[in-house]
*Asks:* 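Before I ask anything, here is the structure I am working with.
In the text below, chain A, chain B and the rest are named by the order of the sequence lines, each starting its count at 1. Keep in mind the model is a prediction, meaning the values are calculated, not measured.
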Amino acid sequence: MTEKETPQTTNFIRDAIKEDLTKGRFTKVHTRFPPEPNGYLHIGHAKAICIDFGLAQEFGGKTNLRFDDTNPAKEETEYVGAIMEDIRWLGFNWEDRLFYASDYFEKIYEFAVALITKGKAYVDDLTADQIREYRGTLTQPGRESPFRNRSIEENLDLFSRMRAGEFADGAKVVRAKIDMSSPNINLRDPVMYRIIHKPHHRTGDTWCIYPMYDFAHGQSDSLEEITHSLCSLEYEDHRPLYDWFVQALGIYHPRQIEFARLNLTYTVMSKRKLLELVKGGHVKSWDDPRMPTLSAMRRRGYTPEAIRNFCERIGVAKRDSIIDMQLLEFCLREDLNKRVPRAMAVLRPLKVVIDNYPDIATEELDAINNPEDAAAGARKVPFSKVIFIEQDDFREIPPPKYYRLSPGTEVRLRYAYFITCVSVVKNPATGIVTEVHCTYDPATRGGDSPDGRKVKSTIHWVSAQHAVDAEVRLYDYLFKVPDPDNVSEGNDFKMHLNPNSLEILPTCKLEPGLALAAPGSIWQFERLGYFNADQFDSKPGKPVFNRTVTLRDTWAKIEKKS
RNA sequence: UGGGGCGUCGUCCAAUUGGCAGGACACCGGAUUUUGGUUCCGGGUAUCGGGGUUCGAGUCCCUGCGCCCCAGCCA
């Protein structure tokens with residue numbers, strides 16, 4: 001990542017790091033990104049990734065990728081590759097520092113032995129239900145387990161037999177001996193180890209006891225000499241425990257700092273809900289372009305630059321917030337505008353016959369590839385007597401402020417000619433206009449009129465005989481409301497699902513150059529938006545496009561107001 | 001109602017640590033334009049409430065209110 005991105009004012013984490021450096025608490029910055037391999041990464045993870053990698057980079061430090069794989073019941077190796085692909089795609093590099101919490105199982109086991117030996121941990125025989133009961137409530141203190149004061153020898157023996165597989169799942173756990181009356185529930189003798197007889201995606205059958213997050217994360221950070229362990233707000237209550245473990249163990253002590261996770265309007269971010277959308281068939285897959293997952297956004301045509309820039313702009317703070325989706329779209333358009341080539345495509349074709357144009361003539365007209373980038377050059381587009389224009393660009397009875405084609409008006413065909421509508425053909429049964437007849441002014445070839453005459457608008461078109469047929473998928477927000485998570489008692493976020501989040505247009509007409517659009521390539525269809533050839537479904541000669549995002553549409557706003 | 005955290009334009013983030021509350025997105029208006037795009041110019045709107053300290057408070061003190069998180073052998 002070398003390009004200059006929008007500079008942002010500082011944030012509290014950067015301030016904290018600077019202070020740690022000047023006061024000598026740390027002499028370097030080393031962070032980590034610790035995904036659990038149990039699902040796909042989404043835009044919320046992108047924020048965390050940008051913070052973890054970005055901040056380290058800024059201070060000349062490094063970032064480790066560490067899979068937090070302490071629970072074999074939930075994690076699968078299939079996700080590991082997908083997660084790495086997404087991080088790389090975003091533009092970050094962990095170099096040779098790929099780790100797994102499971103790499104440290106032996107060391108973490110030894111840490112537990114050390115705590116037991118110090119009398120700071122014990123083996124508990126209480127059942128899960130009993131532990132819950134003994135834990136007390138938010139307002140009432142807990143009670144100590146009857147097994148809390150076993151001898152160190154007995155604890156050591158039991159723990160090694162847990163490891164050896166002598167006990168069934170749930171029969172015993174190891175707990176830290178802290179304070180059952182702590183107002184912080186995390187400190188009421190938290191579970192450190194549990195028994196799970198299940199093969200682990202990396203360690204196989206080596207273990208049947210697995211450390212809990214709280215007993216693995218801080219120690220893993222410590223072993224990797226992480227300086228700043230950045231995580232989300234819900235871990236704030238865990239920080240005293242994080243600190244307690246590294247202190248009790250007397251090991252290198254990283255600093256945990258929490259920040260607010262990302263929320264976006266018109267979507268949901270929790271893995272559970274995303275999974276529900278996939279399983280319930282509300283979207284086609286994890287990478288359905290309507291999803292907020294990175295794989296879906298990639299498929300839809302989002303660029304890493306746009307996402308990184310977005311993450312920079314939203315800032316980092318501790319308050320819960322919901323970022324306006326329009327900011328994300330702004331970042332996307334800003335990036336795409338300056339880099340992607342333009343093309344003409346007609347999504348909902350309306351046939352136009354140019355009555356005074358020679359029947360069999362075809363000519364090649366010059367078109368600019370990107371007005372924002374002279375280096376992008378120009379191309380030729382074929383023109384002929386019969387063309388398609390957008391249905392939206394013709395109105396038999398134009399509403400106020402409508403500048404496009406209507407009977408008697410003259411408009412410019414982009415890069416071609418001025419045309420004037422002279423008549424229409426209707427389906428006698430429905431009254432719908434099926435064909436528009438126009439005359440053209442040969443003197444306006446290329447789109448300029450020698451007499452200086454002006455037209456109110458320029459519309460795009462595709463020559464009928466040269467057009468490439470294509471399917472185009474129009475995506476809209478997945479939800480109808482800005483905050484789908486906000487539902488009244490007894491209701492479900494799915495009630496806010498947008499039934500029109502996907503519209504498939506099977507009969508689009510593209511300019512011929514688009515026939516060979518490379519899968520994944522992104523284009524601006526002039527006046528419509530940005531579209532990319534679907535990386536899986538698009539084939540040379542049979543293109544399929546996804547609408548990445550529309551262009552800003554002033555006319556749509558005017559129309560909506562009236 | 002125990003503990004932890006958070007309250008600044010519609011939204012998100014700032015405010016040199018007590019000195020004229022600023023930026024971005026959104027919105028509204030205008031200019032330019034062979035994309036009703038881009039670009040450019042202009043505009044409005046905010047310190048949760050009540051007290052206090054101070055020449056001066058978003059910032060400090062007191063008090064009230066609201067929102068989020070925590071009672072997994074999940075992370």
*Asks:* Rounded off to whole Å, could you give me the OH-to-P distance for the A:Tyr242 and B:G4 pair?
*Replies:* 21 Å
*Asks:* Which is true for A:Pro141 with a 4.0 Å heavy-atom rule: it touches a base, it touches only sugar-phosphate, or it touches nothing?
*Replies:* nothing
*Asks:* Rounding to a whole Å, what distance do you find between A:Arg32:CZ and B:A75:P?
*Replies:* 15 Å
*Asks:* Does A:Arg239 make a side-chain donor-acceptor contact with the base of B:G4, cut-off 3.5 Å?
*Replies:* no
*Asks:* Ignoring hydrogens and angles, answer whether the base of B:G4 and the side-chain atoms of A:Asn184 contain a donor-acceptor pair closer than 3.5 Å.
*Replies:* no
*Asks:* If you check every side-chain atom of A:Thr70, which of B:C27, B:U11, B:A75 has the closest atom?
*Replies:* B:A75
*Asks:* May I ask you to say what A:Ser321 touches in the nucleic acid, namely base, sugar-phosphate or nothing, with a heavy-atom cut-off under 4.0 Å?
*Replies:* sugar-phosphate
*Asks:* Which is true for A:Leu126 with a 4.0 Å heavy-atom rule: it touches a base, it touches only sugar-phosphate, or it touches nothing?
*Replies:* base
*Asks:* What is the glycosidic conformation of B:U16: syn, defined as within 90° of 0, or anti?
*Replies:* anti
*Asks:* Taking syn as a glycosidic torsion within 90° of 0 and anything else as anti, which one is B:G29?
*Replies:* anti
*Asks:* Just checking A:Tyr235: base, sugar-phosphate only, or nothing, at a heavy-atom cut-off of under 4.0 Å?
*Replies:* base
*Asks:* Give the rounded distance in Å between these two atoms: CD1 of A:Ile51 and C1' of B:C12.
*Replies:* 13 Å
*Asks:* Is there a donor N/O on one and an acceptor N/O on the other, under 3.5 Å, for the side chain of A:Gln524 and the base of B:U35?
*Replies:* yes
*Asks:* For A:Val472 and A:Phe531, work out which heavy atoms get closest and say how close.
*Replies:* CG1-CE2, 3.6 Å
*Asks:* Now, which nucleotide makes the Watson-Crick or G-U wobble pair with B:U11, with each of the two distances under 3.5 Å?
*Replies:* B:A24
*Asks:* At less than 3.5 Å, do the side-chain atoms of A:Arg412 and the base atoms of B:U35 form a donor-acceptor pair?
*Replies:* no
*Asks:* Would you indicate which nucleotide in B:C13, B:G37, B:A71 comes nearest to any side-chain atom of A:Thr554?
*Replies:* B:G37
*Asks:* Separation of A:Glu334 atom CD from B:C40 atom P, in whole Å?
*Replies:* 11 Å
*Asks:* Are A:Phe259 and A:Phe12 an aromatic pair, judged by ring center distance below 6.0 Å?
*Replies:* no
*Asks:* Atom CZ of A:Phe12 and atom P of B:G5: how far apart are they, to the nearest Å?
*Replies:* 12 Å
*Asks:* Answer with yes or no whether A:Arg342 presents, from its side chain, a donor or acceptor under 3.5 Å of a partner atom in the base of B:U35.
*Replies:* yes
*Asks:* What is the nucleic acid contact for A:Asp214, judged by heavy atoms within less than 4.0 Å: base, sugar-phosphate only, or nothing?
*Replies:* nothing
*Asks:* Under a 3.5 Å limit for both distances, which nucleotide forms a Watson-Crick or G-U wobble pair with B:G2, could you say?
*Replies:* B:C70
*Asks:* Can you check whether A:Phe215 and A:Phe245 have ring centres sitting under 6.0 Å from each other?
*Replies:* yes
*Asks:* Looking only at heavy atoms, which two atoms of A:Ala345 and A:Leu510 are closest? And how far apart?
*Replies:* CB-CD2, 3.6 Å
*Asks:* NA contact type, A:Tyr403, heavy-atom cut-off 4.0 Å: base, sugar-phosphate, or nothing?
*Replies:* base
*Asks:* When we call it a touch if two heavy atoms are under 4.0 Å apart, what does A:Glu236 touch: a base, just sugar-phosphate, or nothing?
*Replies:* sugar-phosphate
*Asks:* Would you call the rings of A:Phe105 and A:His200 parallel, tilted or perpendicular, where under 30° means parallel and over 60° means perpendicular?
*Replies:* perpendicular
*Asks:* Report the nucleotide, chosen from B:C27, B:C74, B:C70, that has the shortest atom-to-atom distance to any side-chain atom of A:Lys557.
*Replies:* B:C27
*Asks:* Can a side chain N or O of A:Thr10 be found less than 4.0 Å away from OP1 or OP2 on B:A14?
*Replies:* no
*Asks:* Whole-Å distance between B:C6 C1' and A:Ile322 CD1?
*Replies:* 14 Å
*Asks:* With heavy atoms under 4.0 Å as the rule, sort A:Tyr530 into base, sugar-phosphate or nothing.
*Replies:* nothing
*Asks:* Does A:Arg188 reach a base, just sugar-phosphate, or nothing at all? Heavy atoms under 4.0 Å.
*Replies:* nothing
*Asks:* Which part of the nucleic acid, if any, lies within contact of A:Glu36, taking any heavy atom under 4.0 Å across all strands shown: a base, the sugar-phosphate backbone alone, or nothing?
*Replies:* sugar-phosphate
*Asks:* Have a look at A:Ile558 and say if it touches a base, only the backbone sugar-phosphate, or nothing, with a 4.0 Å heavy-atom cut-off.
*Replies:* base
*Asks:* Determine the interatomic distance between C1' on B:G64 and the same-named atom on B:G30; round to the nearest Å.
*Replies:* 47 Å
*Asks:* Between A:Trp555 and B:G36, do the rings stack, that is, sit under 5.5 Å apart with planes less than 30° off each other?
*Replies:* yes
*Asks:* Tell me which nucleotide, if any, is Watson-Crick or G-U wobble paired with B:G49 when both distances must be under 3.5 Å.
*Replies:* B:U63
*Asks:* Counting only side-chain heavy atoms from C-beta out, which of B:G29, B:G36, B:U35 sits nearest to A:Glu526?
*Replies:* B:U35
*Asks:* Hydrogens and angles aside, do A:Glu36 and A:Asn38 bring a side-chain donor and acceptor to less than 3.5 Å of each other?
*Replies:* yes
*Asks:* Side chain of A:Phe330: nearest nucleotide among B:G2, B:G3, B:C25?
*Replies:* B:C25
*Asks:* Could one point to a donor on the side chain of A:Glu372 or the base of B:G37 with an acceptor on the other under 3.5 Å away?
*Replies:* yes
*Asks:* Once you apply a heavy-atom cut-off of 4.0 Å, does A:Thr127 come out as touching a base, just sugar-phosphate, or nothing?
*Replies:* base
*Asks:* Does a nitrogen or oxygen in the side chain of A:Arg552 sit under 4.0 Å from OP1 or OP2 of B:A26?
*Replies:* no
*Asks:* Report yes if the distance between the aromatic ring centroids of A:Tyr235 and A:Tyr213 is under 6.0 Å, otherwise no.
*Replies:* yes
*Asks:* In whole angstroms, how far is the C1' atom of B:U17 from the NZ atom of A:Lys18?
*Replies:* 14 Å
*Asks:* Establish, for the pair A:Arg66 and A:Tyr100, whether the NZ or CZ atom is under 6.0 angstrom from the six-membered ring centre and no further than 45 degrees off its axis.
*Replies:* no
*Asks:* Where the side chain of A:Ala128 is defined as all heavy atoms beyond and including C-beta, which of B:C12, B:G36, B:C73 is the nearest nucleotide?
*Replies:* B:C73
*Asks:* With rounding to whole Å, what would you report as the distance between B:C68 and B:C60 at their C1' atoms?
*Replies:* 26 Å
*Asks:* At under 4.0 Å between heavy atoms, what does A:Asp68 touch on the DNA or RNA strands: base, sugar-phosphate, or nothing?
*Replies:* sugar-phosphate
*Asks:* Please report, rounded to the nearest Å, how far the C1' atom of B:G72 is from the CD1 atom of A:Ile196.
*Replies:* 11 Å
*Asks:* Exactly one of A:Asp189, A:Asp125, A:Asp179 should register a salt bridge (Lys or Arg N to Asp or Glu O under 4.0 Å) with A:Arg148. Which one does?
*Replies:* A:Asp189
*Asks:* Reckon A:Ile323 touches a base, only the sugar-phosphate, or nothing at all at heavy-atom distances under 4.0 Å?
*Replies:* sugar-phosphate
*Asks:* Could you measure between the two C1' atoms, the one in B:A21 and the one in B:C13, and give it in whole Å?
*Replies:* 14 Å
